[in-house]
Protein chains: 2
Amino acid sequence: MQETLISDFEKTFQQRGLRLTQQRLEIFKALAGSKDHPTAEKIYAQLRTTMPTISLDTVYRNLHTLHSHGLINRVVTGQSQARFEANLSPHHHLICKICQKITDISWQDFDNLAPPQDFNQWGDIKEKQVTLSGICKTCLKDKKSS
Amino acid sequence: MQETLISDFEKTFQQRGLRLTQQRLEIFKALAGSKDHPTAEKIYAQLRTTMPTISLDTVYRNLHTLHSHGLINRVVTGQSQARFEANLSPHHHLICKICQKITDISWQDFDNLAPPQDFNQWGDIKEKQVTLSGICKTCLKDKKSS
DNA sequence: GTAGTTGCAAAAAATTTGCCCTCCA
DNA sequence: TGGAGGGCAAATTTTTTGCAACTAC
């Protein structure tokens with residue numbers, strides 16, 4: 001399943017005339033292999049352990065490239081630090097206001113809900129997604145004990 | 001209606017022991033009186049015309065203060081620059097991927113939809129909101145003509 | 001070979017902080 | 001009048017860019 005993702009990734013690269021560099025592959029693999037919607041800094045820190053020469057600007061540059069080619073998503077949050085994910089299938093997010101942890105969720109009933117007609121006057125709607133925010137179990141416990 | 005907002009604002013300040021300074025009032029009024037979900041920079045630029053001595057850090061500081069006291073919202077977006085609004089009633093947003101314009105929308109059917117039970121295991125959900133993104137009419141036209 | 005990419009360093013953009021003076025409660 | 005808040009400048013944080021060297025195609 002991960003391999004499928006990666007071979008799709010390689011194909012898309014060829015189609016677009018982008019070069020498949022080691023760095024790009026590693027950045028994508030890091031995203032595809034994690035569930036925590038990492039920041040650029042986090043990806044950088046992780047990759048440095050196995051690829052000590054990679055630079056932070058390469059991570060930023062490629063997150064931007066991958067995003068603009070629709071290969072990764074930038075998560076819609078209320079934070080200023082960008083968070084990314086390789087999961088492109090429609091889904092939604094739960095965000096903890098304290099620890100900023102992001103959890104993927106699916107919400108079938110919402111997905112089946114058609115937006116009101118008049119939204120179409122606005123223009124061309126490409127994505128609809130729900131952001132739920134609050135305080136996660138772990139942070140609730142921490143609050144009580146402190 | 002704006003006056004109600006502002007008097008609520010003043011009351012909340014008293015209750016919390018926060019001081020009602022000219023700057024805070026102007027920042028709040030700028031937000032309450034605009035529909036475009038401005039950034040800190042935009043508010044600063046606007047206020048400078050009538051209050052030339054206000055500083056950008058005061059704007060930032062107070063947006064943070066107002067937000068942490070629940071008097072304003074930070075809009076959930078996929079941008080890194082923070083956008084704010086004084087509209088605290090539950091509503092949703094349409095965001096243009098090109099010009100970044102944010103439009104308020106209401107979506108009754110969604111508001112009536114209860115989140116799946118199992119989301120509650122996650123913790124305490126405080127807000128649920130929809131972000132629709134795409135390309136607005138104006139940007140669609142610009143694309144065609146270019 | 002050569003255009004697209006990288007790493008380095010520096011710059012830019014966005015936001016926060018320390019310090020001292022001011023002004024609101 | 002005491003202390004929260006403002007303005008200034010400097011620092012941090014997050015992200016972008018210019019450029020020479022490098023490498024995938």
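Sequence lines set the chain letters: A, B, ... in the order given, protein chains first and strands last, and positions in each chain run from 1.
H91(B) meets the ring pair (Phe, Tyr, Trp, His ring centres under 6.0 Å) test with H93(B); sequence neighbours excluded. Take H67(A) and apply the side-chain contact (heavy atoms from CB on, under 4.5 Å) test, not counting sequence neighbours, and it matches I72(A), R74(A). Every ring pair (Phe, Tyr, Trp, His ring centres under 6.0 Å) that F119(B) has, sequence neighbours left out, goes to W107(A). Taking K101(A) as the reference, C99(A), T103(A) meet the side-chain contact (heavy atoms from CB on, under 4.5 Å) condition, with sequence neighbours excluded. Under the salt bridge (Lys or Arg N to Asp or Glu O under 4.0 Å) criterion, R24(A) pairs with no residue, sequence neighbours left out. Residues forming a ring pair (Phe, Tyr, Trp, His ring centres under 6.0 Å) with Y60(B) (at least two apart in sequence, or on another chain): none.
If you run side-chain contact (heavy atoms from CB on, under 4.5 Å) between W122(B) and each of N120(B), D118(B), D124(B), I125(B), only I125(B) comes through. When each of D57(B), V59(B), L63(B) is checked for a side-chain contact (heavy atoms from CB on, under 4.5 Å) with R61(B), only D57(B) meets the rule.
Residue T53(B) places at least one side-chain N or O under 4.0 Å from the OP1 or OP2 atom of dG7(D).
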Carefully, step by step, assess F84(B) and H37(B) under the rule ring pair (Phe, Tyr, Trp, His ring centres under 6.0 Å). CA-CA 5 Å; F84(B) 299 88; H37(B) 313 79; over 10 Å; no
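Side-chain atoms of N87(A) come within 3.5 Å of backbone atoms of S89(A) as a donor-acceptor pair (strictly under, hydrogens ignored). A donor-acceptor pair is defined here as one N or O able to donate and one able to accept, closer than 3.5 Å; no such pair exists between the side chain of T58(B) and the backbone of I54(B).
Proximity of residues 67-85 of chain B to DNA chain C (heavy atom under 4.0 angstrom from any strand atom) is restricted to S80(B), Q81(B), A82(B). The stretch residues 38-52 of chain A does not touch DNA chain D, since none of its heavy atoms comes less than 4.0 Å from the strand.
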Show me, pair by pair, the donor-acceptor contacts under 3.5 angstrom made by side chains of residues 38-47 of chain B, not counting sequence neighbours?
from   : atom 1 : to     : atom 2 : distance (Å)
T39(B) : OG1    : K42(B) : N      : 3.1
Y44(B) : OH     : R48(B) : NE     : 3.3

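Of all nucleotides in DNA chain C, those with any atom nearer than 4.0 Å to a heavy atom of chain B start and finish, going 5' to 3', at dA14(C) to dA25(C).
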Expected string for nucleotides 16-25 of chain D under the B/S/- scheme (protein heavy atoms, under 4.0 Å, primed atoms plus P, OP1, OP2 as sugar-phosphate) is BBB----BBS
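Rounded to a whole Å, the CZ atom of R24(B) is 11 Å from the P atom of dA4(D).
Helix bend of the helix from dG1(C)-dC25(D) to dA25(C)-dT1(D): the angle between its two end axes, each built from five pairs, comes to 40° after rounding to 10°.
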